[in-house]
Protein chains: 2
Amino acid sequence: MKKPIGVIDSGVGGLTVVSEIIRQLPKEEIIYIGDTARCPYGPRTEDEVRAYTWEMIDYLTSHDIKLLVIACNTATAVILEEAKERLSIPVLGVIHPGATAALKVTTNHHVGVIGTEGTISSGAYHRELTTINDKVKVVSLACPTLVPLVETGEFTGHMAREIITKALAPILQYDIDSLILGCTHYPLLAPLIEEVVGSNVKVICSGDETALEVSSLLYHKELLYTGDITPHHIFYTTGLKANFKKVAEEWLKPHSLDIRETDLRLPIRFYQKKTAGFRS
Amino acid sequence: MKKPIGVIDSGVGGLTVVSEIIRQLPKEEIIYIGDTARCPYGPRTEDEVRAYTWEMIDYLTSHDIKLLVIACNTATAVILEEAKERLSIPVLGVIHPGATAALKVTTNHHVGVIGTEGTISSGAYHRELTTINDKVKVVSLACPTLVPLVETGEFTGHMAREIITKALAPILQYDIDSLILGCTHYPLLAPLIEEVVGSNVKVICSGDETALEVSSLLYHKELLYTGDITPHHIFYTTGLKANFKKVAEEWLKPHSLDIRETDLRLPIRFYQKKTAGFRS
């Protein structure tokens, strides 16, 4: 079906998910919105996260998307269930794909999870993992020092390695054999994280797994696009286009990007047919 | 939802898929049927495969299953689309999960597929892979010497290694970076296959990937069982219980198994409510 996949995020982190969707599903078109103006969501109240996320969802459903990905762990933890209930299109978060991937690779049933303070304190990964397998031991750790590394472009190098080593030390005292990167910023640090945790710990990038679940859902809902039209991805930012462009072009290369600014105000026509995308 | 997952196969091969479902989804209950009396399906006509597979599907849907897995590549290639159309429950084959997993791991876009003659000549993997990504080069190879190795219990050792090396030689002339084991028997040979293809080729077991897709579908359809009742799996065979038991206990250890023989004739009550499991 020739309709775009909608991806929302609190900022640029969700671009790691987009990058994997483009790689695994190259015929699919993406429409992305990053709420860079109000990023990060991690320290915000649940009500704020809910309100901001619904603004993004309303904005994207007005663009007639066929599936919605909530690519932000914090927003997923707060809003996924109500979004699934209210929208008539399939909705995915990043937590379930990461959790099931860990259950697939773990053999000793000791799974580590790192994320922002908001995601870890929500207990969402723990809940998802133990709902499916109550014998799994989950060790969770908030790593507030990692997102700034990515945002400042420090993906590699001595300093980044040192900060990661220090941040991960508490979790490595446990005998985990798999580690979920429970924040969409972290995949950019994956090579360093893999080095620090060693080859006995399988590192799971939620972006890769979410793209796989998108593929599976589109297939089972018969929504895959199988034609030959080259997709034209559009990226909206609530912040400055120039800042977004810098990060996006670095992460998504070699894609030439159509980036636009938005204040999230909906076009009038949307209000005229406001049930679009919603269950009647 | 406390209903079993139905798994059908031409014989014992599908037990590799069951083994992964039990491992990844330990709360879920399985009801399996292996048509060992008429195995293998590979050399049979399409009409035979269709008729036999529908007999198994009718048998399992009479047991009120919540999801059906066609764990046989040959049967998937022949019947998946019509089963999805006719049944009201979700239906999965093993080809799509294997194909999407390959698209996830490949970086040079050269994907190898090995399977029975029936599966390879159906072109099902090639079709699935290139529908999603038409830039992927697919190298397919029928390996008729591998199933006998598994059926005779020769998973390891010098002879098995030699047979695998010889069987895979043609495909290793191509620069593949991923290899789909497109037959549910092959995962038992995975350690030897990985040795033969080398560490640069990622080996994809369809069973592992199918279990992950089962997990994703159950989750999105809100069919996961989240209670505390220990599952009681039932295994039906159209052949001799003793033969089935020998293989099943070796592959599925440490599970104690409830194995039963069946001639696939349906209980009378099923005919009285024969629309069960079907779209009205």
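Side chains are part of it too, since the values below use all heavy atoms of this structure and drop only hydrogens, waters and symmetry mates. A, B, ... follow the sequence lines: proteins, then strands. Residue 1 opens every chain. The structure displayed is predicted, hence computed values, not measured ones.
A distance of 8.0 Å separates OG in B:Ser216 from CG in A:Leu212, rounded to the nearest 0.5 Å. Summarising the geometry, atom CG belonging to A:Leu103 is positioned 8.0 Å from atom CG belonging to B:Leu25; distances are rounded to the nearest 0.5 Å.
Residue A:Ala211 does not touch chain B at all, counting heavy-atom pairs closer than 4.5 Å. Residue A:Leu218: no heavy atom, backbone or side chain, is found under 4.5 Å from chain B. Contacts between B:Val91 and chain A at a heavy-atom distance below 4.5 Å involve the backbone alone (N, CA, C, O).
Across all their heavy atoms, A:Lys104 and B:Asp208 have their closest contact at CE-CB, 3.7 Å.
The contact list for residues 118-135 of chain B toward chain A, using heavy atoms and a distance under 4.5 Å, reads B:Glu128, B:Thr130, B:Thr131, B:Ile132, B:Asn133, B:Asp134 by residue number. Contact annotation for residues 68-81 of chain B against chain A (heavy-atom separation below 4.5 Å, listed by residue number): B:Leu80, B:Glu81.
Contact tally against chain A (heavy-atom pairs below 4.5 Å) for B:Glu209, B:His220, B:Glu213: the top residue is B:His220.
Counting heavy-atom neighbours within 6.0 Å of B:Lys137 NZ, excluding the residue itself, gives a total of 12 or less.
Ring pair B:His96/A:Tyr219 is parallel by interplanar angle, where below 30° counts as parallel and above 60° as perpendicular.
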